[in-house]
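First up is the structure itself, then whatever we jot down about it.
Just so you know, ligand 1 is whichever comes first in the structure, and atom 1 is the first atom listed for that ligand.
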Amino acid sequence: MAAQAYQKCINLRCGAEFDRMEVLFECPRCGDLLDVRYPWDRLAVPRKLSDFSKKWAQRNNPLNFSGVWRFAELLPFCEKKYRVTIGEGQTVLQRSDDLAAELGMRPGALYLQYEGLNPSGSFKDNGMTAAYSYAKMVGAAASACASTGNTSASMALYSHSCGLKATVFIGEGKIAFGKLSQAMDYGAYTLQIAGDFDDCMRQVQEVCRKLKIYLVNSLNPFRLEGQKTIMFRILEQLGWETPDWIIVPGGNLGNSSSFGKAFAELAELGLINRIPRLAVINAAGANTLSELVNERGLRWNGGNVDQEMIADYYAELDSRNNRANTIASAIEISRPVNLKKCLRALEVCKGVALAVSDEEILDAKAQIGKYGLGCEPASASTIAGLKHLLADGIVGPDQRVACVLTGHLLKDPNVTVNYHSQMARPFSNPPVQVPNDLDKIISLIKA
Ligand code: F0G
């Protein structure tokens, strides 16, 4: 039999292994998170990353056009015949010298990885193409997710393209309209729970356990395999050079976890000789990661994570009835399901976590927009975080930084319009009122 991927519990005290065909989103023995693992020595992996460049010449094959499946050898969990694609991963790494100058960085130091260009307008498509390829391989019939919006938009799109039923759990009043409109239009069965994302996440897991529905949240280890390719594409667009820093928003912590896994594997395979540092940015109103890491000293600790510290913190949140609260609704999450994997990523990448205020997020969003790459609020936490990292001397002005802009501006137009027309912040650009009179219009345009 060919060498196969398998699943492995990340908890060192457990470490249980499971066949790739067992549909799981948690370790059946201890309840911890699962990884997808590969017997690399028995698989065909390119000897150097630049070998992937050849795939681009064969892009008339949709699987080579896909920015995810172009790297299939680095996520070899399913055979070709199961792979689904709708053109995900055609995203650009844009060098942004104007914004760099505004932040006091040298030209060529700042890059924005624009994941808003995906078919559903967010990075989630990188994961969903993998999650639904897996669904096809195991013959799943129904899928579900909890979502702050983008996961539901992406899963609705991919489940539709594979003929799977899709049920979405969203918090009441907690989802930006661009995203909600996608879930509805793509035909997902949408359940609006009287609660927030953390409530939805808890409920959807219970429902999936009871009804054996396939869960496509980032607890799903196969989904995270697809998200590794965001890092492969950054390397690709930098001519296979490693940047000094990757900066990413932190919500449920799936992206940061998958980025850490991507770099750990590339290093293990000898495909890179340097691992970039990772900065994960929380919103101040949803700052579980930065609070636990910076204030309480929580670490991966070689796999011996202090579970009690996490439980105590969540109990504390409950006792204060403290709910996540931020304008960046995509990352309005207090109980990130991938917390432990993210701690591992921080260790692999000598990473840092920090939190930024809603005002900082909105100002950064307008600065990004001014130079032509509109993004949604959560994505702008990266630039808001970068400002702190530069001010604190953690990132040097000469270092090469890639910020992942996770979602498109049009996902959440209300926030943007409100910022520009109502908030009078430093980068607000309000519309000017003018009577329906040609001379007056011209006088304003000349002014
Ligand atoms: N940015 C955007 C635009 C998102 O939609 C999300 C997560 C994140 C960042 C955070 O990423 O969870 O990997 O740390 N959105 C999820 C959703 C939770 O339901 O759409 P993460």
For atom 9 (C) of ligand 1, closest protein heavy-atom neighbour: Thr406 OG1, 3.6 Å
Give the contacting part of Glu376 toward ligand 1: side chain, backbone, both or neither, where contact means a heavy-atom distance below 4.0 Å. side chain
Per-atom contacts, ligand 1 versus Asn150 - under 4.0 Å to a heavy atom: 2 (C), 3 (C), 4 (C), 5 (O), 20 (O)
For atom 4 (C) of ligand 1, what is the closest protein heavy atom, and at what distance to 0.1 Å? Ala330 CB, 3.4 Å
Run through Leu110, Leu386, Val352 and flag the one making a side-chain contact (heavy atoms from CB on, under 4.5 Å) with Trp245. Val352
Scan side-chain atoms only and decide if Glu88 and Tyr158 contain a donor-acceptor pair under the 3.5 Å cut-off. yes
Using a 4.0 Å cut-off to any heavy atom of Thr151, which atoms of ligand 1 qualify? 16 (C), 17 (C), 19 (O), 20 (O)
Is the closest basic N to carboxylate O distance between Glu206 and Arg209 below 4.0 Å? yes
Among all protein heavy atoms, pick out the one at the shortest distance from atom 8 (C) of ligand 1; state its residue, atom name and that distance to 0.1 Å. Ile331 CG2, 3.7 Å
Check ligand 1 against Asn255 and write out every atom of the ligand that is under 4.0 Å from a heavy-atom position of the residue. 13 (O)
Between CD1 of Ile175 and CD of Glu332, what distance do you get to the nearest 0.5 Å? 11.5 Å
Show which atoms of ligand 1 fall inside a sub-4.0 Å distance from at least one heavy-atom site of Lys124. 5 (O), 6 (C), 7 (C), 15 (N), 16 (C), 17 (C), 18 (C), 20 (O)
dist Arg296:CZ -> Ser290:OG (nearest 0.5 Å) comes out at 11.0 Å
Do Phe52 and Phe232 have ring centroids that are under 6.0 Å from one another? no
Numbered in order shown, the ligand 1 atoms found under 4.0 Å of a heavy atom of Ala378 are 1 (N)
Please say which of Arg202, Arg335, Arg323 ends up in a salt bridge (Lys or Arg N to Asp or Glu O under 4.0 Å) with Asp196. Arg323
Give me the residue, atom name and distance of the protein heavy atom closest to atom 11 (O) of ligand 1. Phe123 CZ, 3.7 Å
Quick one: pull up CD in Glu265 and CD in Glu225 and give me the separation to the nearest 0.5 Å. 6.0 Å
Given side-chain hydrogen bond (donor to acceptor under 3.5 Å, both in side chains), test Tyr419 with Asn429 step by step and report yes or no. CA-CA 8 Å; Tyr419 177 89; Asn429 178 25; over 6 Å; no
We want to know whether Thr416 and Lys365 form a side-chain donor-acceptor pair, criterion being a heavy-atom distance below 3.5 angstrom. yes
Atoms of ligand 1 less than 4.0 Å from Ile333 heavy atoms? 18 (C)
Tell me which part of Thr148 gets within contact of ligand 1: side chain, backbone, both or neither, using heavy atoms under 4.0 Å. both
I need the atoms of ligand 1 closer than 4.0 Å to a non-hydrogen atom of Gly149, numbered in the order shown. 19 (O), 20 (O)
Taking distance alone, with N or O pairs closer than 3.5 Å, would you say Gly251 contacts ligand 1? yes
Taking atom 12 (O) of ligand 1 as the reference point, the nearest protein heavy atom with its distance: Asn252 N, 2.7 Å
Against heavy atoms of Ser147, which atoms of ligand 1 measure under 4.0 Å? 17 (C), 19 (O), 20 (O)
Value for CD1 (Ile310) from CG (Leu343), rounded to nearest 0.5 Å, stands at 6.5 Å
Assess Gly250 for proximity to ligand 1: is some non-hydrogen atom of it under 4.0 Å away? yes
